[in-house]
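Chain identifiers are assigned alphabetically (A, B, ...) following the order of the sequence lines, protein sequences preceding nucleic acid strands; residue numbering begins at 1 within each chain.
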Number of protein chains: 2
Amino acid sequence: MDTRERLISSTRELLWERGYTGTSPKAIQERADVGQGSMYHHFRGKSDLALAAISRSAREMRDSADAVFTDTGTVVDRITAYLRRDRDALKGCPVGRLTQDPDVMADPELRRPVEETFAWLTDRLAGLLADGRTNGELDPRLDPEATATALVAVLQGGYVLARAAGSADVHARAVHGALGLLTGDARRSPSGQENR
Amino acid sequence: MDTRERLISSTRELLWERGYTGTSPKAIQERADVGQGSMYHHFRGKSDLALAAISRSAREMRDSADAVFTDTGTVVDRITAYLRRDRDALKGCPVGRLTQDPDVMADPELRRPVEETFAWLTDRLAGLLADGRTNGELDPRLDPEATATALVAVLQGGYVLARAAGSADVHARAVHGALGLLTGDARRSPSGQENR
DNA sequence: GTCTATAATCGGATAGAC
DNA sequence: GTCTATCCGATTATAGAC
């Protein structure tokens, strides 16, 4: 890996672990094993490096999700596969994490990849859910946009809860609960007052 | 409000807005309108202040949730009221936010209130869901712990998505989606293959 | 209790030699 | 392209006067 790539890679890791404010140019250089001068030769400064790192992480997140979504199987299969996908729950989401960084959110350039990634993801999931509704896999009353938003929120919130508990199992439990609701293993009782 | 309280209040605000790493003693003093010497008289340092602030926020979050949970109405009513509660979605959760702060999570004292708050919240919701299952409001197949975890995750993840989108509506949409799944307005089709 | 002074270290760069 | 030197403000305190 060349110098430039090592810097991007190091920045991605540090943004993931410590956020933008918690990441210093010096720490980036040390982890990349690159000198001060080198870093400022390849990038104009911290925010320039962060832009490269964030864009890379966003693209990777999108590409890997898309691979699961375009896989074979029923709609429910593909959504289940995405929700259950292997993840390091205690590390959190490298993109979602950035929403807590005021300096990232305040800079339109840095913020853009974050915004676009979640807009794309939610939209893609909503499309799948709409397909499932059309083909009879899912209840016609299901609201694709709202449901997609809820599912993405479960994933993002699952990271929060897993980190709070210090246990990756909590993320899996959140996903399990969401799938239970989606696939009808857990819902308002058929004898409940809201049933029609 | 006395000096000590102003310092705690100022620290709570800053931790909420900028996190632990992004909050300097100087900024705390300025917002509280308290001098350097005063701050170090009342608190041993930044982490001591943070502990007071975090404990306060955690207790407040817990108390206000408990008020909704112990309210009158059906289980589904109370859960709905909690999920739909007025919130400043773009500001995020003052407690959940701290899970992204490595310095907070690395310090057992600072971390404890965060961990306990979410453990309590999830447990409390699971109890309500179990009650709803018992009294026939909810499907007997519903897994109370997993569902409770998913619901709390929707709230926490909703903040992430709202901030990413720059719109509080996204949080409301996530909640709407989750309630649709929980109350049976949106789920796997009755004619779907998983139906028994 | 509050104020000012002092200080060591870090953060985020710029400048110029090689 | 990479290195070292230098810079200035911020961070997180401590010390002692008032």
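Comparing C/dA13, D/dT12, C/dT2 against the side chain of B/S38 picks out C/dT2 as the nearest.
Contact annotation: A/T3 reaches the phosphate of D/dT2 (side-chain N/O to OP1 or OP2, under 4.0 Å). A close approach under 4.0 Å does occur between a side-chain nitrogen or oxygen of A/K46 and OP1 or OP2 of C/dG12. In this structure, B/H41 does not reach the C/dC3 phosphate: none of its side-chain N or O atoms is under 4.0 Å from OP1 or OP2. A sub-4.0 Å separation between OP1 or OP2 of D/dT11 and a side-chain N or O of B/S24 is present.
Nucleic acid contact for A/T21: none, since no nucleic acid atom lies under 4.0 Å from a heavy atom of the residue. Contacts of B/S47 with the nucleic acid, taken as non-hydrogen atoms under 4.0 Å apart, are absent.
Taking atom CD of residue A/Q36 and atom P of nucleotide D/dC7, one finds them 15 Å apart after rounding to whole Å. When rounded to the nearest whole Å, the span between CZ of B/F43 and C1' of D/dA13 equals 16 Å. Atom NE2 in A/H42 sits roughly 10 Å away from atom P in D/dC3 (whole-Å rounding). When rounded to the nearest whole Å, the span between NZ of B/K26 and C1' of C/dC10 equals 15 Å. In this structure, A/I28 atom CD1 and C/dC10 atom C1' are separated by 14 Å, rounded to whole Å. The CE-C1' distance, from A/M39 to C/dA13, rounds to 8 Å in whole Å. Between B/Y40 atom OH and D/dG16 atom C1' the separation is 16 Å, expressed in whole Å. In this structure, B/Q29 places its CD atom 13 Å from C1' of D/dT14, rounding to the nearest Å.
We find that A/D103 and B/R18 are joined by a salt bridge, their nearest charged nitrogen and carboxylate oxygen being less than 4.0 Å apart. The pair B/E60-B/R12 meets the salt-bridge criterion, with a side-chain N (NZ, NE, NH1 or NH2) lying under 4.0 Å from an Asp/Glu carboxylate O.
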Q.
Using side-chain contact (heavy atoms from CB on, under 4.5 Å), reason through B/Y159 and B/R97 one step at a time and then give a plain yes or no.
A. CA-CA 9 Å; B/Y159 289 124; B/R97 197 235 183 279; over 6 Å; no
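In terms of position on DNA chain C, the residue among A/Y20 and A/G37 whose nearest nucleotide sits closer to the 5' end is A/Y20.
Using a 3.5 Å distance cut-off with no hydrogens or angles, the side chains of A/D107 and A/S47 do not pair a donor with an acceptor. Side-chain contact annotation: B/R85 with B/S64, donor-acceptor N/O pair under 3.5 Å present.
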